[in-house]
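Here's the structure, in structure tokens; my notes come after.
Below, all heavy atoms of this structure are taken into account, side chains as well, without hydrogens, waters or symmetry copies. All ligand and atom numbering here is 1-based and tracks the order in the structure.
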Amino acid sequence: MKVTFYSAQPYDERFFEEGRLEGFADTPFELIYQRVALSQQTTALAEGSDAVCVFVNDVLDEGVLEALADMGVKAIVLRCAGFNNIDLDAAERLGFFVARVPAYSPEAVAEHALALAMTLNRHTHRAFNRVREGNFALDGLLGMTLQGKTVGIVGTGRIGLATARIFKGLGCRVLGSDPFPAEAFADLGEIVTVDALLSQSDIVSLHCPLLEATHHLINDASLARMKPGAMLINTSRGALIDTRAVIEALKSRQLGALGIDVYEQESGLFFQDHSSEIIDDDVFSRLMTFPNVLVTGHQGFFTAEALREIAQVTLNNLLCLTRGVPCDNALMQGNADSR
Ligand code: NAD
């Protein structure tokens, strides 16, 4: 089976090659690693492939899927949990097998949410630079003691639960909001409406998927309902937040701090080195001017444990396809032969 990887970084290649040797040595996978992202312009790279392996910012709209189907590609395997970048209706119509990695070390992302919150709260990003320049003044580095503060978790799935456990461990009061709350959340905190969560939380951390219903969940109106000076953390998907509204809320001091690992327009920026270029995105550039904003480039998942799991689960998803057995991680089992 020939599989073309898009958006493949050296670390993807390393963990997939190691994973292949560990558990799939007898399976005839031919893995081709392409650095470029999948888009209408790059579909031709998958010529002759049975499957494409994609990541969060690859584009799988109807046009791309039709081009892949015309080339004989039968399967799409996502190296991630979220699948908002794929037109599922078109994929189903074209008979694709589509599988993902539903969970890979949810703790890795939860721990990154904590890292963002801790850094912003105690200003360690500023202290790092100050001390290196011989400036030991504390002015501007004042934080709050997290014990006893209220943390709101929007989305109580795998990552939300892991985040709730961490904050509960710090002695915080934990609130959750979710249309389908996890039973396990009952041991960690209280489920409330999203409005109650926003108005009571000192830190709001987003862990719900990007859906039509959650697009710009954080907007002018919801920001106005937040506790003045509260912190907002987003390690889920960029478009949960209306970035322009957040900038206004930071300017008015309604929002006290912003920590994001994901950004609405991240696809042209993240996972690449643009340090020698001029960044054209004025919204992103404005965000960079705030001392109380911390942005990381979608690295929440980036631990050795998670990368190992992503490779193992993805290779196993492909193995199910080659063996013709149902795949537990499939969003659709596919019927490409009927094309
Ligand atoms: P999950 O499916 O286990 O949980 C998502 C939860 O969100 C579910 O309980 C669901 O009921 C809830 N939800 C749905 N709509 C909601 C709404 N309107 N309001 C509140 N909750 C709602 O998913 P997960 O594994 O916990 O992942 C959460 C998200 O994290 C993913 O969708 C993905 O976008 C993101 N993610 C980011 C990274 C990263 O590196 N930053 C890595 C993995 C996943």
Point-to-point distance, once rounded to the nearest 0.5 Å, from SG of Cys208 to CD1 of Ile153: 11.5 Å
Backbone or side-chain N or O of Pro179 under 3.5 Å from ligand 1 N or O: no
Check: Phe301 N/O within less than 3.5 Å of ligand 1 N/O: yes
Hydrophobic cluster partners of Phe128 (side-chain heavy atoms under 4.5 Å): none
Rounded distance [0.5 Å steps], CD in Glu18 versus CG in Leu307: 10.0 Å
Aromatic ring pairing Tyr263/Phe284, orientation class (parallel under 30°, perpendicular over 60°, tilted between): tilted
Distance (rounded to the nearest 0.5 Å) between Arg79 CZ and Asp12 CG: 4.5 Å
Atom 3 (O) of ligand 1 [closest protein heavy-atom partner, distance rounded to 0.1 Å]: Arg158 N, 3.0 Å
Heavy atom of Leu210, distance to ligand 1 below 4.0 Å: no
Heavy-atom gap Ala103 to ligand 1 smaller than 4.0 Å: no
Shortest protein contact, atom 4 (O) of ligand 1 (heavy atom only): Gly157 CA, 3.2 Å
Closest contact, heavy atoms only, Asn85 versus Val56: ND2-O, 3.1 Å
Residue pairs passing the salt bridge (Lys or Arg N to Asp or Glu O under 4.0 Å) test where at least one lies in residues 185-198, sequence neighbours excluded: Asp195-Arg225
4.0 Å heavy-atom contact, Cys208 with ligand 1: yes
Sub-4.0 Å heavy-atom contact, Ala213 with ligand 1: no
Within reach of ligand 1, part of Phe302 (heavy-atom separation under 4.0 Å): neither
Closest approach of any protein heavy atom to atom 43 (C) of ligand 1, naming residue and atom: Tyr104 OH, 3.3 Å
